[in-house]
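Shown next, in structure tokens, is the structure this report addresses.
Numbers restart at 1 for each chain; the letters A, B, ... are given by sequence-line order, proteins then strands.
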Protein chains: 2
Amino acid sequence: MILGEKYNEELKYFVAVDCVIFGYEDDELKLLLYPRRFEPHYKEWSLMGGFVQPDESCDAAAQRVLQLTVGLTDIYLEQIGGFSAPNRDPGGRVVSIAYYALVKINEYKKSLVSEYGGRWFTLNKTPNLVLDHEQMVKEALLKLRLKATYELVGKELLPEKFTLTQLNNLYNAIFKKTFDQGNFRKKLASLKVLEQTGEKDTSNSKRGAYYYKFK
Amino acid sequence: MILGEKYNEELKYFVAVDCVIFGYEDDELKLLLYPRRFEPHYKEWSLMGGFVQPDESCDAAAQRVLQLTVGLTDIYLEQIGGFSAPNRDPGGRVVSIAYYALVKINEYKKSLVSEYGGRWFTLNKTPNLVLDHEQMVKEALLKLRLKATYELVGKELLPEKFTLTQLNNLYNAIFKKTFDQGNFRKKLASLKVLEQTGEKDTSNSKRGAYYYKFK
DNA sequence: GCAAAAGTGTTACCGGTACACCCATGT
DNA sequence: ACATGGGTGTACCGGTAACACTTTTGC
């Protein structure tokens with residue numbers, strides 16, 4: 001029966017999720033990586049992942065994994081897609097659904113991250129990753145860029161209050177190019193999604209820059 | 001062990017692919033649907049799908065399924081994403097990776113399609129679909145529209161030779177709106193991806209319209 | 001000649017880009 | 001006063017949208 005007419009004639013596989021965790025700090029886009037906790041490739045750098053449990057969707061599994069590793073709930077998560085090459089994992093047939101997450105790098109639970117040996121790496125200064133995880137990172141960045149062109153990204157990566165220069169720098173980091181200050185601000189104004197707070201950040205300039213927040 | 005440290009403690013699930021098959025005919029975007037071949041929901045309308053075999057990736061599984069059902073090789077396929085709600089399939093825990101395909105509606109093997117009871121439906125005149133297949137169709141259309149905005153879609157849906165009016169109508173069908181003839185043609189000219197053949201199509205007008213093909 | 005589809009041209013506007021310029025303030 | 005980062009203004013260009021117009025040909 002070429003197309004299969006009964007479920008129970010079919011094989012089952014492990015189903016996992018892997019998370020590309022983006023953060024932003026020191027004008028750089030960063031990636032949270034972990035030493036792998038089991039064979040094969042024990043202790044090599046990898047994305048944080050986990051197996052999907054019987055009572056949860058992949059989305060829920062990714063949320064759970066992130067909650068357990070960075071200690072935050074309500075994390076912004078977007079599916080990248082399924083990775084399923086038959087030999088992608090020498091440890092067994094594992095189909096993995098990849099996600100990317102955006103987290104505020106200063107809010108995550110440091111204790112949890114260090115418990116699992118997690119470390120933030122600047123993008124493009126990352127070590128070699130296990131399995132097909134580098135491909136996942138590549139696709140994650142493409143998806144993030146796509147999102148950032150359609151809507152203003154920043155709420156999930158920047159602190160509550162931020163200067164327009166910070167936001168400009170975030171975009172510079174995401175696209176690895178320099179957006180013109182004047183044009184960037186004009187665009188922001190047209191979007192009408194930010195509002196000025198009264199306060200100023202005087203740490204980087206004498207004049208001081210107004211803090212903004214998302215409406 | 002909250003995150004699982006051994007594969008063999010974990011559960012396995014069925015992994016399937018489902019294909020949203022788009023075609024274009026009579027100025028309308030169409031969808032190839034099939035009566036389901038097994039319980040649950042036996043004989044109800046569904047996307048064509050199949051289980052992933054041990055030696056193939058999901059991409060390969062989707063290609064195989066399409067080859068077996070429409071009889072074409074080298075079909076344009078793009079992954080939509082994973083669908084994994086724990087109760088999405090009452091027949092068992094099945095994680096499905098959805099794909100969309102673009103096929104030339106006049107080249108598929110009619111015998112094969114009818115063998116499985118397949119039928120082409122005009123988009124938005126489709127019957128209720130099984131499981132989460134309607135959601136898959138919805139996301140497939142969004143992905144197709146995204147692709148069609150970035151690059152000229154048509155090579156995979158139209159016959160080898162086609163008129164600019166046909167292409168215009170294809171875009172009208174994809175986006176459910178009317179693109180201005182003049183502007184559409186100007187845009188096409190700027191893309192420089194089409195070339196005129198000598199021949200004309202006189203079936204729709206007295207004057208006749210030049211056939212074009214992709215370079 | 002006229003209807004009907006194919007195909008061209010004209011104009012206005014909007015968003016992006018480049019770049020020059022002004023502002024506030026601590027030293 | 002001046003250096004430094006924050007912030008504004010202007011002029012141009014290309015793509016898009018709206019729409020009027022011309023061409024071809026069978027009836």
Ring-ring centroid check Tyr13(A) Tyr13(B), cutoff 6.0 Å: no
Protein-nucleotide distance (Tyr171(B), atom OH; dA17(D), atom P), rounded to Å: 13 Å
Nearest heavy-atom neighbours spanning Leu152(A) and Phe214(A): CD2-CE2, 3.9 Å
Ring centre gap for Phe51(B) and Phe14(B) strictly below 6.0 Å: yes
Under 4.0 Å protein heavy-atom contacts per nucleotide of nucleotides 6-18 of chain C, with B for base, S for backbone only and - for none: BBB-B-----SBB
Over 12 non-hydrogen atoms of neighbours within 6.0 angstrom of OH in Tyr150(A): yes
Nearest heavy-atom neighbours spanning Ala148(B) and Tyr171(B): O-OH, 2.9 Å
Terminal axes of the helix from dG1(C)-dC27(D) to dT27(C)-dA1(D) (five pairs each): angle between them, nearest 10 degrees: 30°
Chi angles and distances behind the side chain to side chain contact (heavy atoms under 4.5 Å, CB included) call for Trp120(A), Ile21(A): CA-CA 9 Å; Trp120(A) 287 97; Ile21(A) 306 170; 4.0 Å; yes
Full working for salt bridge (charged side-chain N to carboxylate O under 4.0 Å, His left out) between Glu56(A) and Arg64(A): CA-CA 9 Å; Glu56(A) 65 183 7; Arg64(A) 173 178 53 81; 2.6 Å; yes
Whether Tyr34(B) and Tyr116(B) hold their rings parallel, tilted or perpendicular, with breakpoints at 30° and 60°: perpendicular
